[in-house]
Amino acid sequence: MPYKNKTIFVLDTPGFADFVGEQRCAMRVADGAIVLVNATSGVEVQTQSVWAYAENFETPAIFFVSKLDREHTNFEEVVSDINENISDRAVPLYLPIGSDINFKGVVNVLTGKSYIYKGDGSKKFHRGRHSCRYG
Ligand SMILES: Nc1nc2c(ncn2[C@@H]2O[C@H](COP(=O)(O)OP(=O)(O)OP(=O)(O)O)[C@@H](O)[C@H]2O)c(=O)[nH]1
Ligand SMILES: [Mg+2]
């Protein structure tokens, strides 16, 4: 994937336990990792084991919380789950705007820049500014 005159290689490994070898190998060679946490299920056994690989290989890693647009999801609960079961040093860098089926986008807590999805299935978004408060 080209990005600012560089090429970024994305190693997308399956989340199932059957693929621990692939997860471990990718974590070992990658410069950084994004660990997905599904908001409908929260932290799973595989989330913990993938995070352990990141710590083991000292690979810089962030969590990405997906499916916040699904019913009965709660971002703060997912963050608590991560803090209690993986790392109490994890802090949100982006906060959701709206929740559950009213999820509209995200705001960067450092810059205040927001990204509101168009909601037409195009995956496009409007940029803006949004005040944010957590906890
Ligand atoms: N509503 C909603 N659906 C999502 C979201 N993220 C992923 N999905 C859907 O969930 C399904 C699984 O998504 P994938 O991206 O294939 O999941 P994955 O993490 O790659 O799964 P594995 O590779 O099997 O571990 C697909 O149908 C996606 O369209 C999200 O944020 N919201
Ligand atoms: Mg996948």
Side-chain angles (χ1 to χ4, degrees):
M1 177 166 58
Y3 180 74
K4 292 186 179 174
N5 297 324
K6 298 263 192 301
T7 301
I8 296 175
F9 295 93
V10 179
L11 309 173
D12 178 17
T13 61
F16 287 113
D18 300 1
F19 297 93
V20 284
E22 285 80 355
Q23 293 155 11
R24 191 171 180 280
C25 290
M27 198 63 89
R28 184 164 177 271
V29 299
D31 293 321
I34 303 170
V35 176
L36 264 287
V37 178
N38 180 337
T40 65
S41 51
V43 169
E44 297 176 272
V45 173
Q46 279 315 110
T47 323
Q48 292 172 308
S49 87
V50 165
W51 192 262
Y53 292 143
E55 288 192 321
N56 196 25
F57 296 123
E58 299 184 351
T59 308
I62 59 170
F63 292 103
F64 182 94
V65 181
S66 67
K67 304 197 180 177
L68 285 168
D69 56 327
R70 293 280 183 89
E71 280 185 66
H72 311 303
T73 55
N74 182 310
F75 179 72
E76 292 189 21
E77 280 178 19
V78 179
V79 175
S80 298
D81 196 11
I82 290 169
N83 287 150
E84 283 163 27
N85 295 298
I86 300 190
S87 170
D88 59 6
R89 290 164 53 212
V91 291
L93 281 178
Y94 286 82
L95 295 177
I97 299 169
S99 60
D100 199 292
I101 54 170
N102 292 315
F103 174 70
K104 292 185 173 40
V106 293
V107 54
N108 182 316
V109 298
L110 301 179
T111 63
K113 287 183 183 168
S114 61
Y115 304 84
I116 310 282
Y117 299 112
K118 285 193 169 174
D120 57 2
S122 67
K123 300 178 185 170
K124 291 186 178 157
F125 50 80
H126 298 289
R127 289 170 199 263
R129 297 201 75 78
H130 205 277
S131 60
C132 49
R133 192 171 163 194
Y134 184 73

Nearest-0.5 Å distance, [atom1] of residue [X] to [atom2] of residue [Y]:
X     : Y     : atom1 : atom2 : value
Asn85 : Glu44 : CG    : CD    : 12.0 Å
Ser80 : Asp88 : OG    : CG    : 12.0 Å
Ser41 : Gln46 : OG    : CD    : 12.0 Å
Asn38 : Leu68 : CG    : CG    : 9.5 Å

Donor-acceptor check, side chain of [X] to backbone of [Y], threshold 3.5 angstrom: yes or no?
X      : Y      : result
Asp100 : Asn102 : no
Glu22  : Gly15  : no
Gln48  : Ile86  : no
Asn83  : Ala90  : yes

Self-check item: Non-neighbouring partners of Ser66 that pass side-chain hydrogen bond (donor to acceptor under 3.5 Å, both in side chains), sequence neighbours left out
Solution: none

Same hydrophobic cluster for [X] and [Y], using side-chain heavy-atom links shorter than 4.5 Å among ILVMFWY?
X     : Y     : value
Phe16 : Val20 : no
Val78 : Leu93 : yes
Ile82 : Phe64 : no

Quick one: does [X]'s side chain get under 4.5 Å of [Y]'s, heavy atoms only?
X      : Y      : result
Thr73  : Phe103 : no
Ile116 : Phe125 : no
Arg24  : Phe57  : yes
Tyr115 : Arg127 : yes
Tyr53  : Thr59  : no

How close do [X] and [Y] get, counting heavy atoms only, and between which atoms?
X     : Y      : answer
Ala39 : Val65  : CB-CG1, 3.8 Å
Ala33 : Met27  : CB-SD, 3.5 Å
Ile97 : Ser114 : CD1-CB, 3.9 Å
Tyr94 : Asn108 : OH-ND2, 3.3 Å

For [X], does the [atom1] atom sit with more than 12 other heavy atoms under 6.0 Å from it, leaving out its own atoms?
X     : atom1 : value
Asp31 : CG    : no
Leu36 : CG    : yes
Arg89 : CZ    : no

Quiz item: Where do Asp69 and Tyr117 land on the side chain to side chain contact (heavy atoms under 4.5 Å, CB included) test, with the steps shown first?
Solution: CA-CA 11 Å; Asp69 56 327; Tyr117 299 112; over 6 Å; no

Practice problem: With side chain to side chain contact (heavy atoms under 4.5 Å, CB included) as the test, would you mind laying out the steps for Asn56 and Arg28 before giving the verdict? | Solution: CA-CA 9 Å; Asn56 196 25; Arg28 184 164 177 271; over 6 Å; no

Result block: side-chain N/O donor-acceptor pairs under 3.5 angstrom for residues 1-13, not counting sequence neighbours:
none

Quiz item: Between Thr40 and His72, does a side chain to side chain contact (heavy atoms under 4.5 Å, CB included) hold up when you go through it step by step?
Solution: CA-CA 7 Å; Thr40 65; His72 311 303; over 6 Å; no

